[in-house]
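Beneath this line is the structure, given in structure tokens, with notes to follow.
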Amino acid sequence: KMAVNSLQTFLDRPVQIEKVSFNPFLLTMKISSCAVVEKDNAPFVSFEQIFADAGIASLFTLSPVISEITIDRPEVHITRNNDQTYNFSDLIPSEKKKTDLNEKENNNGAGIPGFTIQNIRVNGGSIVFHDRAEDVNHAIENISFFIPAVSSKPKFKEKQVLSDIGLNANGSRFEFDIETLPFNEG
């Protein structure tokens, strides 16, 4: 209940979460049936389930290690309004807030903290784009992808990450294999 209230305050939108379960012995967490809706109750962001396994390695490396994260049926609705704003425009920090955050980060000397996330899966996702200005809708459906590992730790910065991505866009199927260096600064 506290998490729902905090999210509602932060997002300034209604939030519903059916169930959260945590197993402290296995370091696993499951969030079921979560939805963030617009102020007019139109859908914004939802998912059927998120499962995360923190894994025992977190205790030994003194940095977060997620050995598995799976998101089932995530759904995002993006709306471009007639005035060229988006339904999420109010969530983007103003230039002043960005400057304040950058100054705070520079003063703390903080970069990206060390973390590792393995076995990242998204199953059956969708993104719906409602363009009210042009009176047209676009849908990307049946999004699925797998990323074996992502890490900000220095020893992984030069390691290629291979991702498998599949999706349907406006009725056509696309499949990609993408290779990237997500934290390489070069």
Side-chain angles (χ1 to χ4, degrees), residues 3-4 6-7 10-11 13 15-37 43-78 88 91-93 101 105 110-129 138-170 172-186:
V4 169
S6 295
L7 280 170
F10 179 74
L11 298 172
R13 288 166 172 73
V15 175
Q16 303 154 351
I17 298 176
E18 182 180 294
K19 184 178 179 184
V20 176
S21 57
F22 176 71
N23 184 324
F25 302 107
L26 298 176
L27 298 176
T28 60
M29 182 176 74
K30 188 186 299 184
I31 302 171
S32 301
S33 298
C34 178
V36 179
V37 296
F44 180 44
V45 175
S46 65
F47 59 83
E48 188 174 282
Q49 178 175 284
I50 290 181
F51 173 80
D53 183 349
I56 198 78
S58 295
L59 301 175
F60 300 110
T61 61
L62 300 178
S63 65
V65 175
I66 305 296
S67 59
E68 176 186 349
I69 186 161
T70 301
I71 305 172
D72 291 323
R73 299 189 45 80
E75 195 172 295
V76 177
H77 290 261
I78 299 172
F88 56 84
L91 299 174
I92 299 171
L101 289 171
E105 184 177 294
I112 299 172
F115 70 88
T116 301
I117 304 174
Q118 301 168 325
N119 300 310
I120 304 164
R121 286 185 175 80
V122 169
N123 300 314
S126 65
I127 300 170
V128 180
F129 180 68
H138 300 283
I140 302 172
E141 300 171 314
N142 199 21
I143 300 168
S144 60
F145 67 81
F146 173 71
I147 301 171
V150 174
S151 180
S152 66
K153 294 181 180 179
K155 68 180 182 179
F156 291 104
K157 284 191 177 188
E158 297 299 321
K159 187 174 181 184
Q160 292 281 343
V161 175
L162 179 64
S163 307
D164 298 323
I165 301 173
L167 56 92
N168 293 345
N170 293 329
S172 298
R173 183 75 184 158
F174 298 91
E175 300 204 10
F176 310 93
D177 291 329
I178 299 174
E179 218 170 324
T180 182
L181 291 168
F183 294 101
N184 187 330
E185 296 171 9

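At least one side-chain heavy atom of Arg173 sits less than 4.5 Å from a side-chain heavy atom of Asn142. Taking the side chain as every heavy atom from C-beta outward, Glu75 and His77 approach each other to under 4.5 Å. Taking the side chain as every heavy atom from C-beta outward, Val45 and Phe88 never approach each other to under 4.5 Å.
Rounded to the nearest 0.5 angstrom, Ile143 CD1 and Ile71 CD1 are separated by 11.5 Å. Separating the SG atom in Cys34 from the CD1 atom in Ile17 is a distance of 4.5 Å, to the nearest 0.5 Å. To the nearest 0.5 Å, atom CG of residue Leu91 and atom CZ of residue Phe10 are 7.5 Å apart. With rounding to the nearest 0.5 angstrom, the CD1 atom of Ile69 is 11.0 Å from the CG atom of Asn119. Here the OG-CG distance, from Ser67 to Leu27, works out to 9.0 Å after rounding to the nearest 0.5 Å. To the nearest 0.5 Å, atoms OG (Ser32) and CD (Glu48) are separated by 8.5 Å.
Phe22 and Thr28 get closest at one heavy-atom pair: CD1-O, 3.1 Å. Across every non-hydrogen atom of Ser151 and Phe115, the tightest pair is OG-O, 2.9 Å.
Residues Gln118 and Thr116 have side chains that never bring a donor and an acceptor to within less than 3.5 angstrom of each other.
No more than 12 heavy atoms of other residues, nucleotides or ligands shown are found within 6.0 angstrom of CZ on Arg73.
Here the options are Ile178, Ile165, Leu167, the test is side-chain contact (heavy atoms from CB on, under 4.5 Å), and the partner is Phe145; only Ile165 passes.
Side chain of Thr70 to backbone of Arg121: no donor-acceptor contact under 3.5 angstrom is found.
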